Amino acid sequence: MPPKRAAASKRKLEEDSESEVDAATSKFASDASDSDAPSTSKPKAKKAKTTKAPKAAKPKPAKAAKPINDQPTNKTLPDEIQFPAKNEGCVRIATWNICGLAAAQKKGFKHYMEAEDADVLILTETKVNNDPVDPMLTNRYPHRYWSISDKKTYSGTAILSKIKPLSVDYTLPGHPDPKSIKGRIVTLEFESLYLIGTYVVNAGTGLKTLDAKNEWNKHFTTYIRDLDRKKPVIWGGDLNVAPTEIDLANPKTNWNKTPGYTEAETRAFAEILTPPEKEGAKPMIDTWRKMHPETRHYTYFSYRFNCREKGLGWRLDTCKFFIFVIWHSLILISLFLLVVGILLWWNMR
DNA sequence: TCGCATGGGAC
DNA sequence: TGCCTTGCGC
DNA sequence: GTCCCATCCTAGCGCAAGGCA
């Protein structure tokens, strides 16, 4: 049954700045056999229904604030999007939290995909229940890996690639509840590196799922360290954390209250980036922050309070790429962080 | 998850 | 069967 | 009285599933 929001279905698409990495790597590709493993989805038990009094409508402020940081405020995807040309010999990796593939496709996902022409595209919150067979995707990306949640139309992570990986993994080793991880992680192993795409657990309204997130962080940290001992790692996707106070517009009022900016989350993230000395692990690089040490640029804006227009956002969901230990690798010849873009992210939390 | 109103404590 | 409402997550 | 801080309350979207004519 189609959703019946039509009458009130305002087209709500927020564009965000997008981060992307062109990582030149002549040996990125491999001759390994294709390991596209289909994910399956299972019907979920229906949710318990509770009665709730309808909220009283409140008049909205008609304030037309001035955009801040020159960030785009349009809510629909333009038909024509331009990105800088790819560098010769580079592999372009991009990430986008699409908040529903079906919805994204209605709103111009195709335009973005054609314009960006990423070699590897990480998608999060796909909300798909089966591996999509859309020719638009299959023609451009011969290798597609969909991690699908057991919970219908919930979470979902995918990596679409023009390059064939050696192997693919949809698990987070060591996590005590593998079911809760389904749909949140895809790891591709290439000849020269690992690429991880994640849709990290959201700490939830009232931080009610912070414990689950802490559990995720604990095991993910171990996992990424283990991989890094073997090959360099690139990690992208929706990381659901604003690492530092310059990664969100109002750090003071949100500290330890709002999911994405709590002590537990920021500390866990910092420890992934800069492992404690005793662990002997190599430090990792937040590429966006490395190249834009002071820029306040956000990837997420709340629907509430006209945050988009006011420039009140967070750098938390997409736009984060972390290239780990690239310097010891001869494979990665150059690294360019291109923050141009139109990131299409109309998620809300 | 912003910005305002409200209330309480410190000074 | 299909429109409409409700609930949930973010 | 003034300042500071904590707390409260709030929007809009995508989607599935249930209610009901």
Side-chain angles (χ1 to χ4, degrees), chain A residues 1-16 41-63 65 68 75-76 97-107 109 123-130 148-157 180 183-184 199-210 212-213 237-242 247-262 265 298-318 344-349:
Chain A
M1 191 191 305
K4 296 298 185 279
R5 190 178 284 272
S9 139
K10 289 181 216 159
R11 188 159 142 169
K12 194 77 175 180
L13 184 149
E14 293 196 330
E15 294 183 7
D16 296 44
S41 68
K42 292 171 190 157
K44 186 74 180 173
K46 69 174 181 181
K47 298 167 202 166
K49 204 168 173 180
T50 57
T51 51
K52 201 165 147 189
K55 288 172 186 175
K58 191 184 169 185
K60 276 183 249 172
K63 203 191 308 183
I68 298 174
K75 294 178 179 178
T76 59
N97 185 319
I98 54 176
C99 197
L101 179 65
Q105 285 177 324
K106 287 178 205 159
K107 294 171 180 174
F109 176 69
L123 301 176
T124 56
E125 270 202 275
T126 60
K127 298 187 178 182
V128 298
N129 299 322
N130 297 292
I148 297 171
S149 170
D150 283 351
K151 199 170 170 179
K152 253 188 162 182
T153 65
Y154 176 72
S155 76
T157 303
S180 72
R184 295 195 179 275
Y199 172 50
V200 173
V201 177
N202 188 301
T205 307
L207 304 177
K208 64 184 175 199
T209 50
L210 183 57
K213 183 165 191 177
D238 177 346
L239 311 188
N240 258 329
V241 62
D247 294 311
L248 70 163
N250 294 308
K252 280 185 183 170
T253 53
N254 287 293
W255 179 243
N256 277 330
K257 288 179 196 159
T258 308
Y261 193 57
T262 63
E265 292 167 282
Y298 308 125
T299 66
Y300 159 73
F301 299 86
S302 170
Y303 277 129
R304 298 183 183 184
F305 321 114
N306 294 317
C307 290
R308 173 93 222 180
E309 289 189 352
K310 296 173 191 169
L312 301 171
W314 296 52
R315 184 179 78 99
L316 56 83
D317 286 295
T318 56
L344 321 163
W345 151 255
W346 53 96
N347 176 31
M348 150 70 210
R349 88 202 44 233

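All values reported here derive from a predicted model rather than from experimental measurement. Chain naming here is simple, since letters A, B, ... match the order of the sequence lines and numbering starts at 1 in each.
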**Watson-Crick or G-U wobble partner of C/dC4, both distances under 3.5 Å** = D/dG18
**Asked** Of all the nucleotides listed (C/dG9, C/dC10, D/dC15), which has the minimum atom distance to the side chain of A/Ala103?
**Response** D/dC15
**Whole-angstrom distance between D/dA16 and B/dT1, as gauged at atom C1'** = 26 Å
**Item:** Rounded distance in Å - CG (A/Asn129) to C1' (D/dA17)
**Value:** 13 Å
**Asked** Can you check the A/Tyr300 OH to C/dC10 C1' distance for me, whole Å?
**Response** 7 Å
**Request:** Quick one: pull up OH in A/Tyr261 and CG in A/Asn254 and give me the separation to the nearest 0.5 Å.
**Result:** 8.5 Å
**Asked** Can you name the salt bridge (Lys or Arg N to Asp or Glu O under 4.0 Å) partners of A/Lys213, sequence neighbours left out?
**Response** A/Glu265
**Message:** Can you measure A/Phe301 atom CZ to B/dG3 atom P for me and round it to whole angstrom units?
**Reply:** 13 Å
**Request:** Quickly, which of A/Asn240, A/Thr126, A/Asp238 forms a side chain to side chain donor-acceptor pair (under 3.5 Å) with A/Asn97? Name it, please.
**Result:** A/Asp238
**side-chain N/O A/Trp314 vs B/dC2 OP1/OP2, d < 4.0 Å** = yes
**Prompt:** Under a 4.5 Å cut-off applied to non-hydrogen side-chain atoms, are A/Val241 and A/Val200 in contact?
**Reply:** no
**Fill in**
Quick note, A/Lys151 side chain, CB onward, closest among B/dC2, D/dA16, C/dG9 is C/dG9
**Residue A/Tyr154, side-chain heavy atoms: nucleotide from C/dG9, D/dA16, D/dT7 that is nearest** = C/dG9
**Request:** Classify the nucleic acid contact of A/Ala102 as base, sugar-phosphate or nothing, counting any heavy atom under 4.0 Å across all strands shown.
**Result:** sugar-phosphate
**Message:** Side-chain N or O of A/Lys152 versus OP1/OP2 of D/dA17: is the shortest distance under 4.0 Å?
**Reply:** yes
**Prompt:** Whole Å only: how far is the NZ atom of A/Lys252 from the C1' atom of D/dC5?
**Reply:** 12 Å
**Message:** Closer than 3.5 angstrom, by distance alone: can the side chain of A/Thr157 be matched with the main-chain N or O of A/Gly183 as a donor-acceptor pair?
**Reply:** yes
**Message:** Distance check needed: C/dC10 C1' versus A/Leu207 CG, whole Å only.
**Reply:** 14 Å
**Pair assignment for DNA chain B - dot-bracket with | for other-strand partners, Watson-Crick or G-U under 3.5 Å** = ..|.|||||||
**Message:** In whole Å, I'd like the distance from the OH atom of A/Tyr298 to the C1' atom of B/dC2.
**Reply:** 13 Å
**Message:** Give me the atom names and distance for the closest heavy-atom approach of A/Cys307 to A/Ser302.
**Reply:** CB-O, 3.4 Å
**Asked** Taking the side chain of A/Cys307 as its heavy atoms from C-beta onward, which of B/dC2, C/dG9, B/dT1 lies nearest to it?
**Response** B/dC2
**Prompt:** C1' atom, B/dC4 versus D/dC13: distance in rounded Å?
**Reply:** 25 Å
**Message:** What is the separation between atom OH on A/Tyr261 and atom C1' on C/dC10, rounded to the nearest whole Å?
**Reply:** 21 Å
**Request:** Please tell me which of the listed nucleotides, D/dA16, B/dC2, B/dT1, lies nearest to the side chain of A/Leu312?
**Result:** B/dC2
**Integer-rounded Å distance: C/dC8 P and A/Lys127 NZ** = 15 Å
**Prompt:** Looking only at heavy atoms, which two atoms of A/Arg315 and A/Tyr298 are closest? And how far apart?
**Reply:** N-CD2, 3.7 Å
**Message:** I want to check one thing: is the phosphate of B/dT1, taken as OP1 and OP2, less than 4.0 Å away from some side-chain N or O of A/Asn250?
**Reply:** no
**Selected nucleotide, minimal atom distance to A/Asn202 side chain, candidates C/dC10, B/dC2, D/dA16** = C/dC10
**Request:** Could you pull out the closest heavy-atom pair between A/Thr153 and A/Asn129, with the gap in Å?
**Result:** N-OD1, 2.8 Å
